[in-house]
Amino acid sequence: NKETFSELRNFESRRFAVKLKLALENTDKVGAVRVTPNTSVSGEIYIIGKIQESNGQKIKVSIKVVDATGKKIMDKSFSKKIKANHYSNIRTKTQDAYNKFFDDIAKKIVIKLEKLKPETVLRITRINDLRFGAEFSPESFRPYLKKKKNNYDLIGLPSDNDPMWERVKSIKVREQIFIDSLQNHYDKFVNSSNQSYILWQGQSYNEIVAAKQARNKAIGRGVLGVLSIAAAVASASSAQDNDYTNEVAIATLGGKLLEDAAKFKAEAKMHRDSIKELGESLDAELAPNVVEFETKTVELTGNAKQQFLEWRKFLKKIYELEKTPDIQL
């Protein structure tokens with residue numbers, strides 16, 4: 001897709017995740033919803049989206065909902081065309097044109113989740129806990145799980161007073177607190193970008209419409225130019241030696257139409273470049289994050305994914321220190 005720009009898509013991937021999270025929370029039918037840097041973060045249900053198209057005029061995304069067992073709950077594409085009056089109506093032009101789109105997706109996801117039986121939810125929760133434990137101590141917790149391809153099944157459970165199990169559960173709570181702290185960054189990122197993105201949506205919509213009109217003009221005038229020149233050549237081949245007036249006039253007209261076509265093509269390119277520049281201007285990084293766990297602290301830098309990876313490494317070191325206290329961080 002020529003209108004897919006990496007900088008804009010990186011921006012939208014974060015923004016859309018937060019918008020869907022907010023839409024799910026607004027249903028009042030789900031528990032905690034968190035935006036996470038990747039699927040290695042502990043969670044019972046994962047919602048993974050892929051942007052297929054977004055230009056202010058149309059949005060299309062594919063949504064996969066997968067539980068911790070690896071079972072696919074939903075795999076569906078959603079699309080919506082934005083009406084022109086959204087951007088001209090004084091009541092809506094300052095609102096995100098995609099709001100209702102994410103509300104509709106959230107409702108469809110909730111319908112799927114409400115069909116899960118209580119015993120299924122309990123099984124998903126237990127498998128999620130064991131998968132998290134296996135990240136830190138594979139030899140202790142993988143035996144409780146059966147894995148076939150990307151699907152997990154439950155074989156057994158560790159005892160509640162297993163010291164390693166208790167330690168893993170404690171670490172899991174700390175990870176959830178860290179992920180909760182990231183939500184403030186995500187929310188701030190979206191709130192601070194609202195005005196810029198809503199402006200981009202309206203401008204992009206206008207640029208798409210203008211570019212399409214310019215392309216249509218270019219195609220129409222280009223064809224007429226070729227036909228006029230062809231007519232001039234055909235006419236010249238059958239003309240009398242002393243009659244050149246009509247042929248020269250027609251050939252000149254054809255050249256002018258082709259010149260106009262080139263101008264409109266350049267205009268269309270200008271519109272596409274304008275959209276690209278708007279998209280590339282949108283990006284964000286997280287501020288450094290100093291996190292404390294028990295008597296240890298760690299400073300995390302980079303974007304959300306990089307900070308999470310550093311945090312997970314830190315937690316694994318903490319876990320290893322607990323197993324062998326002579327290890328120094």
Side-chain angles (χ1 to χ4, degrees), residues 17 20-21 24 29-50 62-77 105-106 108-180 182 293 304-305 307-324 327:
L20 183 54
K21 168 203 161 192
L24 284 164
K29 294 185 177 181
V30 295
V33 185
R34 298 292 180 262
V35 176
T36 64
N38 56 42
T39 55
S40 67
V41 177
S42 177
E44 283 81 15
I45 304 291
Y46 298 94
I47 302 172
I48 306 159
K50 183 177 181 181
S62 59
I63 296 290
K64 287 184 181 180
V65 182
V66 183
D67 66 30
T69 73
K71 182 179 179 181
K72 198 178 294 182
I73 298 173
M74 175 189 282
D75 188 356
K76 182 178 175 62
S77 288
I105 294 176
K108 295 289 178 62
I109 292 174
V110 167
I111 290 172
K112 291 288 186 179
L113 296 181
E114 285 181 330
K115 293 180 180 179
L116 296 176
K117 297 178 181 179
E119 57 269 27
T120 301
V121 174
L122 179 60
R123 177 171 160 271
I124 291 170
T125 301
R126 286 174 171 172
I127 289 176
N128 172 56
D129 289 340
L130 287 168
R131 286 184 61 182
F132 182 81
E135 287 284 324
F136 294 85
S137 182
E139 69 280 2
S140 299
F141 300 110
R142 278 184 185 169
Y144 296 106
L145 292 168
K146 179 182 178 181
K147 183 180 179 182
K148 186 177 181 182
K149 294 184 178 179
N150 290 322
N151 294 315
Y152 292 83
D153 206 351
L154 193 64
I155 296 176
L157 289 169
S159 63
D160 289 337
N161 58 359
D162 183 323
M164 286 190 291
W165 185 232
E166 289 178 350
R167 183 61 174 164
V168 163
K169 287 191 286 186
S170 173
I171 289 176
K172 184 180 179 184
V173 169
R174 295 302 305 183
E175 176 160 296
Q176 289 172 338
I177 292 173
F178 174 75
I179 293 299
D180 284 347
L182 283 183
F293 184 20
K305 184 177 181 179
Q307 287 197 18
F308 172 72
L309 292 175
E310 289 299 315
W311 172 247
R312 180 59 73 84
K313 288 179 184 177
F314 176 71
L315 288 182
K316 287 183 178 179
K317 287 181 180 179
I318 290 285
Y319 182 81
E320 289 299 320
L321 183 64
E322 178 76 9
K323 285 170 53 179
T324 53
I327 294 178

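Throughout, numbering of the chain's residues begins at 1 and tracks the sequence.
- Partners of N38 according to the side-chain hydrogen bond (donor to acceptor under 3.5 Å, both in side chains) rule, which considers only residues two or more places apart in sequence or in another chain, are S40.
- For residues 114-126, every residue pair satisfying the side chain to side chain donor-acceptor pair (under 3.5 Å) rule, not counting sequence neighbours, is listed here: R123-D153.
- I171 places none of its side-chain heavy atoms less than 4.5 Å from the side chain of V168.
- A heavy-atom distance below 4.5 Å is not found between the side chains of L182 and V35.
- Once rounded to the nearest 0.5 Å, the distance linking CG of D75 with CD1 of I63 reads 10.0 Å.
- Side-chain contact check for L154 versus L130: some heavy-atom pair is nearer than 4.5 Å.
- Considering every non-hydrogen atom in both D160 and E166, the closest pair reads O-OE2, 3.4 Å.
- Within the 4.5 Å cutoff, no side-chain heavy atoms of F141 are placed close to those of E135.
- Taking S140 as the reference, S137 meet the side-chain hydrogen bond (donor to acceptor under 3.5 Å, both in side chains) condition, with sequence neighbours excluded.
- A heavy-atom distance below 4.5 Å is found between the side chains of T39 and I48.
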Where do I109 and I47 land on the side-chain contact (heavy atoms from CB on, under 4.5 Å) test, with the steps shown first?
CA-CA 9 Å; I109 292 174; I47 302 172; 3.9 Å; yes

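- Side-chain contact between L24 and I105: absent, with no pair of heavy atoms (C-beta onward) separated by less than 4.5 Å.
- Pairing each heavy atom of P143 with each of P138, the nearest pair is CD-O, 3.7 Å.
- Proximity of a side-chain donor or acceptor of D67 to a complementary backbone N or O of E44 within less than 3.5 Å is not detected.
- Residues that satisfy the side-chain contact (heavy atoms from CB on, under 4.5 Å) test with K112, not counting sequence neighbours, are I73, M74.
- Open room surrounds NZ on K29; 12 or fewer heavy atoms of other groups in view lie less than 6.0 Å from it.
- Qualifying side-chain hydrogen bond (donor to acceptor under 3.5 Å, both in side chains) partners for N161, counting only residues two or more places apart in sequence or in other chains: S159.
- In this structure E175 satisfies the side-chain contact (heavy atoms from CB on, under 4.5 Å) test together with V41, S42, F132, I179, F308, W311, R312, L315, sequence neighbours excluded.
- Atom CZ of F136 sits about 13.0 Å away from atom NZ of K317, to the nearest 0.5 Å.
- Proximity of Y152 to K146: side-chain heavy atoms (C-beta onward) are nowhere separated by under 4.5 Å.
- Atoms OH and OG1, on Y46 and T36 in that order, are 7.5 Å from each other to the nearest 0.5 Å.
- Residues V33 and K21 come closest through the heavy atom pair O-CE, 3.6 Å.
- Atom CD1 of I45 sits about 10.5 Å away from atom NZ of K71, to the nearest 0.5 Å.
- At a threshold of 4.0 Å, the pair K169-D129 does not count as salt-bridged, since none of the basic side-chain nitrogens sits closer than that to a carboxylate oxygen.
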